[in-house]
Amino acid sequence: MRRPVLLAALGGLVLVLVLGGCMRKEPPPHPPEPEAGVSATSAPGAILFVSADTRGYLGPCGCSENMRGGIARAAFQVREARQGTLPVLYVDGGNSLFGETTLKPGQVPQEELKAKALADAMRLMGLAVRATGPLDDTRGADFRQGLGLPEVADGAVKLLPAGSRKVAVVAADSPAQLVAASARARAEGADFVLGLLDAPLEEAQKAAETPGLAVDVLVATRSATEMSGEQNRLVKASVPVVAPQSKGRSLVRVDLSYAHQPGRFTLQKGQADLEREVAALEQRTALLDKEINLPGIDPKLKALKQAKRDELVARRQALVTAPPASSPDVNGFTVRFVPLESGLPSSPDAQALVARYDAEVGKLNLAWAKEHGQDCPVPAKGQSAFVGNEPCRSCHEESFPVWEKSKHHHAWETLEEVGKQHHLNCVGCHVTGWEQPGGVCRLDKVAGREDVGCESCHGPGSAHSDEPSADNIIASPGEAVCVTCHNPENSPHFDFATYLPRILGPGHGKPVDAQPPGKPADAPKPAKP
């Protein structure tokens, strides 16, 4: 599961910024009025939601079953919490608007449009404040600030009312900065301090031990690498350190419970039992996910396993969103993760934003390619170019019936079914030779290279087509070729030994049967009279 709408006009293209224009002028939704007898200042606690390290993801790619994530699911969780009587604050830790610090020219229109859609969704969720990181400034500080989101700068403090208490959000990019900002937050009257450190978990753990640190919870807002934020992490120490699953797959939920008198907050005891139960459900769900994604699974069995999985997700969701036990004598807090599972509801308003982005970005990318697209460079001297499937067919006709029955043959079709055939995040694994020398580098010139063809696995074939030899083609591609697309993000349950048989058959990795199955051997011809 990476911007403005292009309108074609005679004589050229006119860029018109549409998405987000009206939406960003609307005020964020207000929480519902408290029930009779409960005022905002008398509420016995508050709820904080924190997102971070979203890396420009509006939702999962959808390549596998039951993928987590999606800003629309996150929006529903915040909206649902606001149906109660407690104050709810939504905070973003940053590194959310883009997935890379630099972009190729062809990526810019799409990525800017996506960042605008994410900003609109955050606003829709009633964002209280957000920190910023390198992945927010990919298009520069002016672009980021132009989105109009409430921000807290590194080293600064943002005080937020949370019923009868004050919550401070402090942002930093170094331990020293974090210590100074947290001390200032306490001096300004903060009861609870949420620290946002622009660093990976390991660095945040070290920062949590810095003398003088006055935060109650510290969030590591950036994973070390693109693929290192695959799990939710909570490290319990004198200061709990949290690292949410990256790419918008989970929210951090912090529940505050207030004592009769203000005072420092402590991590509530008894959370360990809850964590063990949640972890057990998580493990069972992961096992079911692997079984549900097995190639060739019987549809009836798959449906049964999916129903069981949905039941486990519902049980876990009830646990992670239930009000924690509290005491009127203790200012306490709990830290939980809310995985945004595929079976959870989505906010209709946020989903409409995502659908709007999906509808516009393909048109935008295609128009940009027609206006500015560049063909792929020619291969270096002595290197092969991509030639498409047809030259292969002339010598390997027996391989094609196997390929044509595989999902590789329908890779482009799967994008067309969901309208993502012109999404730059998706197209590379659904065409042959994308952005490779002698391949295809323009969305408007994909014709003839659709699907995962012969050369996707066996390499560019011009040299082999001219002079067939085992030395100028990859005869038996290994796992390393497969995982360029079947990676942990797009295909988290991929297993080479399990998947490989799905693309092999007589004439393609297996010997051609001398006799087709079910056909009797030729009988001796009767003698002519």
Side-chain angles (χ1 to χ4, degrees), residues 26-52 73-93 121-131 149-152 157-171 182 185-186 188-196 215-219 240 242 244 251-268 271 317 320-338 347 349-350:
E26 296 177 0
H30 294 286
E33 293 297 324
E35 295 178 0
V38 179
S39 68
T41 55
S42 65
I47 301 172
L48 314 181
F49 284 102
V50 185
S51 59
R73 293 174 192 159
F76 181 88
Q77 294 301 313
V78 175
R79 189 186 74 173
E80 190 74 0
R82 286 200 171 113
Q83 304 305 309
T85 59
L86 299 182
V88 175
L89 298 175
Y90 166 50
V91 176
D92 180 62
M122 289 181 182
R123 188 174 293 100
L124 190 69
M125 294 164 68
L127 178 70
V129 70
R130 71 182 305 268
L149 296 175
E151 296 181 348
V152 56
V157 177
K158 178 68 175 181
L159 274 179
L160 302 169
S164 60
R165 304 290 197 272
K166 292 180 180 179
V167 170
V169 177
V170 299
S182 63
R186 295 293 181 188
E188 293 178 10
D191 298 284
F192 185 89
V193 179
L194 174 69
L196 305 173
V215 304
D216 294 288
V217 173
L218 181 58
V219 180
V242 182
L251 288 172
V252 178
R253 175 171 169 149
V254 181
D255 286 77
L256 307 180
S257 59
Y258 301 158
H260 292 308
Q261 298 298 324
R264 290 297 293 266
F265 281 77
T266 58
L267 186 65
Q268 289 184 342
Q271 187 171 335
Q317 180 69 6
V320 300
T321 58
S326 61
S327 167
D329 300 319
V330 177
N331 290 297
F333 69 95
T334 60
V335 180
R336 294 176 282 183
F337 295 103
V338 182
S347 159
D349 291 339

Please list every donor-acceptor pair under 3.5 Å in which a side-chain atom of residues 322-329 meets a protein atom from a residue at least two apart or in another chain.
unit_1, atom_1, unit_2, atom_2, d
S327, OG, D329, N, 3.2

- Task: State which residues pass side chain to side chain contact (heavy atoms under 4.5 Å, CB included) with A74; sequence neighbours excluded, sorted by chain then number.
- Result: M125, L251, L340
- Message: Can you list everything that forms a salt bridge (charged side-chain N to carboxylate O under 4.0 Å, His left out) with R186? Sequence neighbours excluded, please.
- Response: D216
- Query: Do you know the tightest heavy-atom contact between R130 and L127?
  - Reply: CD-CD2, 4.0 Å
- Looking at side-chain heavy atoms only, is the closest gap between R165 and L256 below 4.5 Å? no
- Query: So, for A46 and A162, which heavy atoms are closest and what is the spacing to 0.1 Å?
  - Reply: CB-CB, 4.0 Å
- Within-4.5 Å side-chain heavy-atom neighbours: N331 and Q261: no
- Query: Is there side-chain contact between L86 and P44, with heavy atoms separated by less than 4.5 Å?
  - Reply: yes
- Mind listing the closest non-hydrogen atom pair of Y258 and S164 along with its distance? CD1-OG, 3.5 Å
- Item | All side chain to side chain contact (heavy atoms under 4.5 Å, CB included) counterparts of A190, not counting sequence neighbours | L159, A168, A185, V193
- Who pairs with D255 by side-chain hydrogen bond (donor to acceptor under 3.5 Å, both in side chains), at least two apart in sequence or on another chain? R253, R336
- Task: With sequence neighbours left out, write down each residue that passes side-chain hydrogen bond (donor to acceptor under 3.5 Å, both in side chains) with S51, or none if nothing qualifies.
- Result: Y90, D92
- Message: So, using side-chain hydrogen bond (donor to acceptor under 3.5 Å, both in side chains) as the criterion, who are the partners of S257 when residues are at least two apart?
- Response: Q268
- Item | side chain to side chain contact (heavy atoms under 4.5 Å, CB included) involving L160 - partner list, sequence neighbours excluded | L89, A128, V129, K158, V169
- Item | For the student: nearest non-hydrogen atoms of P87 and G45, plus distance | CD-O, 3.1 Å
- Task: Kindly indicate whether the side chain of V50, heavy atoms from C-beta on, has any atom under 4.5 Å from the side chain of P244.
- Result: no
- Under a 4.5 Å cut-off applied to non-hydrogen side-chain atoms, are D191 and F265 in contact? yes
- Query: So, do V217 and V242 sit near enough that their side-chain heavy atoms are less than 4.5 Å apart?
  - Reply: yes
- Sequence neighbours left out, what passes ring-ring contact (aromatic ring centres under 6.0 Å, His included) with F333? Give chain and number order. F192
- Item | Min side-chain heavy-atom separation V91-F49 under 4.5 Å | no
